[in-house]
Amino acid sequence: MTATAPIDKNSHVVLVDGSAYIFRAFHALPPLTRKTDGLPIGAVAGFSNMLFKLMVNQSDEDRPTHFAVIFDASGNTFRNEIYDLYKANRSALPEDLIPQFPLTREATLAFGAPSIEMTGYEADDLIATYARIADEAGARCTIISSDKDLMQLVTENVIMRDPMKNKDIGIKEVIEKFGVEPARVIDVQALAGDSVDNIPGVPGIGVKTAVLLLNEYGPLEELLERSGEIPQKGRREKMLANKDMALLSKQLVTLKTDIDLEVPLEDLAVTDPDVDVLFDFLERMTFRTLTARVRAALGAGETDGLRKDDTAPDAGAPAELDAPKNVKFDAEKYVCVQDAATLREWVDKAMKAGVVAVDLETNSLDSAAAKMVGVCLSHADNEACYIPLGHVGVGNSAEGGDMFGAAAPKQIPMQEALDILEPLLHSPSVLKVGQNFKYDLGVFQRYEGNGKALHPAPYDDTMLISYCLETGLRGHGMDAMSELYFGHKAISFKEIAGTGKSQKTFDQIELDVATKYAAEDADVTLRLWKFLKPKLAAAGVATAYETMDRPLPAVTAQMENNGIKVDRTELNRLSGLFAQKMAQLEDEAYEIAGTKFNVGSPKQIGEILFDNMGLEGGKKTKTGAWQTGVDVLEKLADEGQALPRVILDWRQYSKLKSTYTDALVSQINPDTGRVHTSYSLAATTTGRLSSSDPNLQNIPIRTEMGRKIRDAFVAETGHVLVAADYSQIELRILAHVADLSTMKQAFADGVDIHALTASEMFGVPLSEMTPEIRRNAKAINFGIIYGISAFGLAKNIGISRGEASDYIKTYFEKFPGIKAYMEEAKAEAREYGYITTILGRKCHIKGIRDSNQMSRAFAERQAINAPIQGAAADIMRRAMIRMPEAIEDVEGARLLLQVHDELVFEVPEAKANALIDIIVPTMESAHKPAIEMSVPLLVEAKAAKNWNDAH
DNA sequence: GACATCACG
DNA sequence: GACGTACGTGATGTCG
């Protein structure tokens, strides 16, 4: 897309201040939305029209020879380092503007212009550097901007053009505005300051006075030295007192003209846009007028894409998420890259495209153990490649080398390939798109080395975008989405690798087969991104995605790689102990039953208890088998039966042994000696994470025997574990959203909330509270959060249905607000099909309008629970996202686990208190500044050698 | 692969 | 009037 041409006095360099334009267009232009789905695109439309005028519909005299759109990179710049309040008073981005940033970059590329940005610098600095180079070469340079901060750059050769008013700003206009010539503008700004950028300046000195003083006493530095000579007392004292502020301000307003550019000016030579790409973009934006104008100017005929414009949308796919199915998948176009030169070409193409799908192939689903086998890239439909890096000869395994089978295929050496890929992965102007990118990030992290980091950024995750759009509606796997949205069935892993014991790992797959499978994944991923990303804003969940989902893969990938140490010896000892206990209990059970049977078989237990022994009160499951769950057996045991008690005890040991002690030991990673779980970021219907392989969110804690397993989760020598958990977060959220004044007051006062509930409900003073009464109140509090029913409450705390019914009635009376909250939650779900948490996540509730009473009642309970559980999950996500930066200064501190309302860290013993001092406020304020709460959040944190003692 | 059971928040 | 009934997860063993 870029071409090279030398810069000389015949050149005309046009530099567009892209970031400034977007803001201005957004506020100045009418709020246009896309016809197909309501996506806000007003700023994109204005921007596209401007590009058209500048690049295509231009007089020969003004036609640029070199052209670029310059953007601010996200994140801090060097200015934040010298002044942390720089631009600190900027308000949050409007929700409707957020999705227009990537679309503006896309528009730039569609018109065939390079989009330039660099981490650490603002667009203004890049413009300043390009303008200086152009000026020195004697070329004409036009800066498309009206930002006064750029006026310092104006010279005989460099002018500015206001893109909205079409007005040129030269030396004369700058003098009119500032009263000094362009080179002195920074001195005026240094004194006068700027409230928009939060430049302090000298308080009380404005532009007028600044010019007066500078004309009288000379340039800023001289003026500051001679400030004592100023006759007016007020001005003199202000100047003397704020010398440092003035110098700092000058530093802030002075644009950098000596950036080491990633793209040299020569490479910004103008080329003709790719008509297909351009029309495709215009079509997707539904810019009919502009399309017609562009077509007329370029003399291009109708394309396939434009004709599609008038065809009816495909039936079948859901109306709101209907996808264009117009570009066929063509696996023949996929390329296998086996030499460095070709890889460089692909990296180059991705750089120019500005967005690239990245997908890693490995030899295992376990990201903490997986070896990299290959990388895929895709920068456009059907333009995808596979770069094999770790394939072995057919018939070999990764561990076995090339001893028996064929020789390994030709591949770029791993380190060389990573060196070539690294600039792409880290380029701030290229968006990396992945599907479940947490996995890829985790694998990349483990290939760091030689002083080189591998933290791809910026990135987007199609799985999380889909999750944010449709939480609770369906799965978010790539294969399913491809079929749903594109009607395209992707090659399944089983098809190429087989199943069961003889299943091959990816490094054993032949390259032509591997290429078709792997490149397709990248191709699909990029298409999903193009399709789904714009929908975030249209659905009103762009902010939710940006603040709670998008940054999470990097954090959780690090947690997974960190892992946690377990005491193998202790777990083995417990396994042996549990096995002994089980054997004893089995003998006892046979004795009582008078026969041998499988204690692990609920079916046989049911038959023995209810058929053979003839016990009363048995209930059948829906499949016709006897129920033998805890509550059933517990009841029989209470009635004096011996066998149920034995079975219950046996089950406890069996559970602990098979699910915990045995399983955990087998899951210790041989390389790290630690256990690495895998977090699912898009699995639940409420926004919670889930943990698997192994699940470290359900390690026992409620029984004494179970806690012995927690003892075996330990810190490294010289370290401690720190467990920090939100106290009663769901009840606090309930008190806030349902506006329960009594409960809010209790939380504000730090009162025991279950005791308070008991006191309110049963009229028992707090001083006379008994554990028994408090326990019942606690069960009711939980019941409320779960969408209580009298039956459920009765069953849970062992009272009659009538009593339970009375309790609930009393609760509603004592906590007015609850009833209204529940009705509102149900009504919202009924009307929209989803509920929205206080932090903006939308959780879809299936079955809320089902004709079946049962399923509807179930959906209604979900509608009551989801705003509470979901908000707690949101807050935790926000806390986790802030954690890496928060704990950065606590050397050696690492985040290891998340258990819904708890975070577990590992830290050198001496740093434990420092860590606690930073994580507690970070967690307690995680909901801010997005929302304020009428109830304080409370976090309790403790350090200990093992996880059990950290509670 | 479905089901029942049970570990957690 | 009967029916089934507290929210969200994942791992395990049995059985067909």
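Sequence lines set the chain letters: A, B, ... in the order given, protein chains first and strands last, and positions in each chain run from 1.
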When all nucleic acid strands are considered with a 4.0 Å heavy-atom cut-off, which category describes [X]: base, sugar-phosphate, or nothing?
X       : result
R856(A) : nothing
A794(A) : nothing
Q862(A) : sugar-phosphate
F858(A) : sugar-phosphate
R651(A) : sugar-phosphate
I701(A) : sugar-phosphate
Q627(A) : sugar-phosphate
I699(A) : sugar-phosphate
R688(A) : base
T621(A) : sugar-phosphate

Can you figure out which of [options] approaches the side chain of [X] most closely?
X       : options                : result
Q652(A) : dG9(B), dA6(C), dA7(B) : dA7(B)
M854(A) : dG8(C), dT5(C), dG9(B) : dT5(C)
H900(A) : dG9(B), dC8(B), dT5(C) : dG9(B)
I788(A) : dC6(B), dG9(B), dA6(C) : dA6(C)
R702(A) : dC7(C), dT5(B), dG9(B) : dG9(B)

### Query
Looking only at N and O atoms, is any donor in the side chain of R861(A) or the base of dG8(C) less than 3.5 Å from an acceptor on the other one?
no
#### Entry: Verdict with reasoning, S678(A) to D693(A), per side-chain hydrogen bond (donor to acceptor under 3.5 Å, both in side chains)
CA-CA 6 Å; S678(A) 172; D693(A) 310 299; 5.5 Å; no
### Query
Where along nucleotides 11-16 of chain C does protein come under 4.0 Å, by heavy atom, of base (B) or sugar-phosphate alone (S), with - for untouched nucleotides?
BSSSSS
#### Entry: Side chain Q435(A), main chain M463(A), donor-acceptor under 3.5 Å
yes
### D739(A) side-chain N/O to G817(A) backbone N/O, donor-acceptor pair under 3.5 Å
no
Send over the distance from [X] [atom1] to [N] [atom2], rounded to a whole Å.
X       : N      : atom1 : atom2 : value
K846(A) : dC7(C) : NZ    : C1'   : 16 Å
D662(A) : dA7(B) : CG    : P     : 16 Å
D649(A) : dC6(B) : CG    : P     : 12 Å
D901(A) : dT9(C) : CG    : P     : 16 Å
L731(A) : dG9(B) : CG    : C1'   : 13 Å
F782(A) : dC8(B) : CZ    : P     : 13 Å
D874(A) : dG8(C) : CG    : P     : 16 Å
K826(A) : dA6(C) : NZ    : P     : 16 Å

### Query
Heavy-atom distance under 4.5 Å between the side chains of R841(A) and R877(A), does that happen here?
yes
May I ask you to decide whether [X] forms a salt bridge with [Y], counting only side-chain N to carboxylate O separations under 4.0 Å?
X       : Y       : result
E570(A) : K708(A) : no
E860(A) : R830(A) : yes
K438(A) : E560(A) : yes

### Query
Taking atom P in both dA4(B) and dT5(C), what distance in whole Å separates the two?
11 Å
### Task
Could you give the distance separating dG4(C) and dC8(B) at their P atoms, to the nearest angstrom?
29 Å
### Task
Answer yes or no for K620(A) and W626(A): cation-pi contact, defined as NZ/CZ to six-membered ring centre under 6.0 Å and angle to ring axis within 45°.
yes
### Summary
For DNA chain C, the expected dot-bracket line (Watson-Crick or G-U under 3.5 Å, [ ] crossing, | inter-strand) is ......|||||||||.
### Task
Apply side-chain contact (heavy atoms from CB on, under 4.5 Å) to the pair Y590(A) and T595(A), showing each step before the final yes or no.
CA-CA 5 Å; Y590(A) 303 155; T595(A) 171; over 6 Å; no
#### Entry: For E940(A), salt bridge (Lys or Arg N to Asp or Glu O under 4.0 Å) partners two or more places apart
none
### Message
We want to know whether T685(A) and Q862(A) form a side-chain donor-acceptor pair, criterion being a heavy-atom distance below 3.5 angstrom.
### Response
no
